[in-house]
2 protein chains.
Amino acid sequence: MSTNKNCIVRISRYKNALNRLKALGFVKVFSSNLADATGTSSAQVRKDFSLFGITGNKRGGYNVDDLIEQMNQIFGKHLVHKVIIVGLGNIGKALLRYKGFEKESIKIAAAFDIDSSKFNDNSIVPVYPLEKLSEFIKENEIKLGVIAVPDVAAQQVFEIMKKSGIKGVLNFAPISLNNDSGVVVNNINLEMELENLIYYVIAAEKS
Amino acid sequence: MSTNKNCIVRISRYKNALNRLKALGFVKVFSSNLADATGTSSAQVRKDFSLFGITGNKRGGYNVDDLIEQMNQIFGKHLVHKVIIVGLGNIGKALLRYKGFEKESIKIAAAFDIDSSKFNDNSIVPVYPLEKLSEFIKENEIKLGVIAVPDVAAQQVFEIMKKSGIKGVLNFAPISLNNDSGVVVNNINLEMELENLIYYVIAAEKS
DNA sequence: ACTTTATAGTGATTTTTTTCACATTAATAA
DNA sequence: TTATTAATGTGAAAAAAATCACTATAAAGT
């Protein structure tokens with residue numbers, strides 16, 4: 001199966017578009033519909049599908065429910081994925097309160113911070129001190145972690161996560177984590193995103 | 001000049017790494033240092049630099065300050081970029097309070113919401129009703145907008161932004177904005193980011 | 001001053017990704 | 001029933017991106 005990063009991102013977009021099309025009552029779609037909805041070409045859509053062995057009907061397009069089901073399979077949506085959040089600053093809190101994870105079968109199992117005023121065993125998502133991080137990951141077999149701590153603490157938190165058995169990390173700290181292990185790391189850097197945007201806006205002005 | 005998306009992202013990462021190296025007292029760096037710090041190859045670093053006409057010294061590497069300066073030029077850091085945020089839910093608030101934009105010459109000029117309890121003319125970043133959005137963009141010649149409203153409102157907000165003259169949008173709403181115009185749109189979808197991570201974690205388990 | 005060495009810079013090559021274009025086929029129409 | 005049409009699926013071609021491998025050269029060493 002494909003290892004093309006862009007292809008995975010596109011599949012994710014297709015799924016997102018499909019869910020909205022389904023809500024609108026669509027029963028079948030054509031590759032061109034998905035292309036329009038996600039800003040790509042119909043050939044690209046079909047090629048992506050073919051990489052994942054997703055097929056439709058000649059002249060009949062694709063069945064929306066079938067597509068969604070196959071994509072849910074790709075992204076492991078038949079299982080619940082437990083996630084922990086480390087760092088309850090603004091971003092951590094935003095994630096904690098974020099609706100919409102549930103329908104993606106993502107469950108926030110716990111959050112961690114160093115600030116004792118934030119601890120709370122009894123909230124829907126319990127908040128524990130950082131010292132309990134390793135123990136919690138191991139006991140609950142957590143595979144996914146979000147790092148939302150300041151940059152100086154990020155590498156240290158990452159090391160604890162790695163040692164405790166985390167397999168995937170979403171990193172909001174504005175540094176590239178030093179990662180030799182097999183842990184998958186996706187970085188989201190808000191400054192960089194805006195910077196990137198500015199680059200393209202400037203480039204567009206020049207042309 | 002290059003139109004390679006990945007290359008721009010890498011340049012951004014190099015800059016981030018350079019700032020940290022500078023803080024550690026580094027005066028010069030080699031392509032291999034930057035490669036290590038950002039998880040790429042030294043040949044890639046040099047190739048990226050050559051696309052932007054960035055040069056160093058044979059056997060002497062690159063001067064850190066020079067590199068940072070050239071990259072700041074690329075990303076328009078000599079100008080202040082005014083940004084508005086629409087939607088003061090969790091993500092909007094997180095952005096509003098986000099430190100670190102200043103040093104990137106990004107200034108949040110105002111925020112907008114429909115909830116009147118959030119309005120505040122006198123805070124450091126004023127919060128206005130959505131009705132004032134168009135007027136504010138035009139009067140202050142805002143070029144960059146952040147959409148942090150629920151999905152159902154996102155397209156509508158985007159249309160207002162487009163009509164008022166916005167050139168670049170960072171979209172946190174979980175939909176692909178319908179964009180035929182020349183406006184640059186970068187999407188950040190938290191669910192999709194986690195989903196993506198899960199894909200790679202599952203893929204790693206299988207192999 | 002000369003030699004050695006380590007690193008930048010880059011054309012050539014390889015790999016990856018996207019696009020093209022057409023054969024195939026299922027639905028519709030005649 | 002047969003012809004027509006409109007979409008899929010995919011091998012081939014093109015384009016884009018990454019890697020390789022070598023030249024040039026500036027710094028360090030002798």
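Chain A is the first sequence line, chain B the second, and so forth, proteins listed ahead of strands; every chain is numbered from 1.
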Between CG of B/Asn63 and P of C/dT7 the distance, given in whole Å, is 17 Å
Whole-Å distance, A/Phe52 CZ to D/dT8 C1', equals 19 Å
Whole-Å distance, A/Asn4 CG to C/dT19 P, equals 12 Å
(message) For a quick test of reading the model: is some side-chain N or O of A/Tyr62 closer than 4.0 Å to OP1 or OP2 of D/dG9?
(response) yes
By nearest-nucleotide position on DNA chain C, the 5'-leaning member of B/Ser32 and A/Lys47 is B/Ser32
Rounded to whole Å, CD of A/Gln44 lies from P of D/dA16 at a distance of 14 Å
Pair A/Glu139 + A/Lys132, salt bridge at N-O below 4.0 Å:
no
- Message: Students often get this wrong, so: under 4.0 angstrom with heavy atoms, is A/Ser31 touching a base, only sugar-phosphate, or nothing?
- Response: sugar-phosphate
B/Leu51 CG to D/dA16 P, in whole Å, measures 13 Å
The contact string for nucleotides 21-30 of chain D, one letter per nucleotide 5' to 3', using protein heavy atoms under 4.0 Å with B, S and - for base, sugar-phosphate only and none, comes out as B--BBBBS--
Atom CZ of B/Phe49 and atom C1' of C/dG9 are separated, to the nearest Å, by 12 Å
The nucleotide from C/dT10, D/dT8, C/dT17 with an atom nearest the side chain of A/Asn6 is C/dT17
**Message:** If the cut-off is 4.0 Å, is A/Arg10 near the phosphate of C/dT18, judged by side-chain N/O to OP1 or OP2?
**Reply:** yes
Q: Specify whether A/Tyr128 and A/Phe112 have parallel, tilted or perpendicular ring planes, treating 30° as the upper limit for parallel and 60° as the lower limit for perpendicular.
A: tilted
Whole-Å distance, B/Leu34 CG to C/dT7 P, equals 13 Å
Donor-acceptor contact below 3.5 Å, side chain B/Lys143 vs main chain B/Lys82: no
Here the distance between atom C1' of D/dT10 and atom CD1 of A/Ile54, to the nearest Å, is 16 Å
| field | Verdict with reasoning, A/Tyr98 to A/Phe101, per ring-ring contact (aromatic ring centres under 6.0 Å, His included) | value | CA-CA 7 Å; A/Tyr98 194 75; A/Phe101 284 144; 4.9 Å; yes
Discussion item. Please classify the nucleic acid contact of B/Ser41 as base, sugar-phosphate, or nothing, using heavy-atom distances under 4.0 Å.
Written reply: sugar-phosphate
Is it the case that the side chain of B/Asp113 and the backbone of B/Leu130 share a donor-acceptor pair, with hydrogens and angles ignored and the cut-off at 3.5 Å?
no
Exercise. Establish, with yes or no, whether the OP1 or OP2 oxygen of D/dG9 is under 4.0 angstrom from a side-chain nitrogen or oxygen of A/Ser50.
Key: no
Notebook entry, point to check: So, B/Ser32 and B/Ser42: side-chain donor and acceptor under 3.5 Å apart, yes or no?
Noted result: no
Within-4.5 Å side-chain heavy-atom neighbours: B/Phe172 and B/Ile147 = no
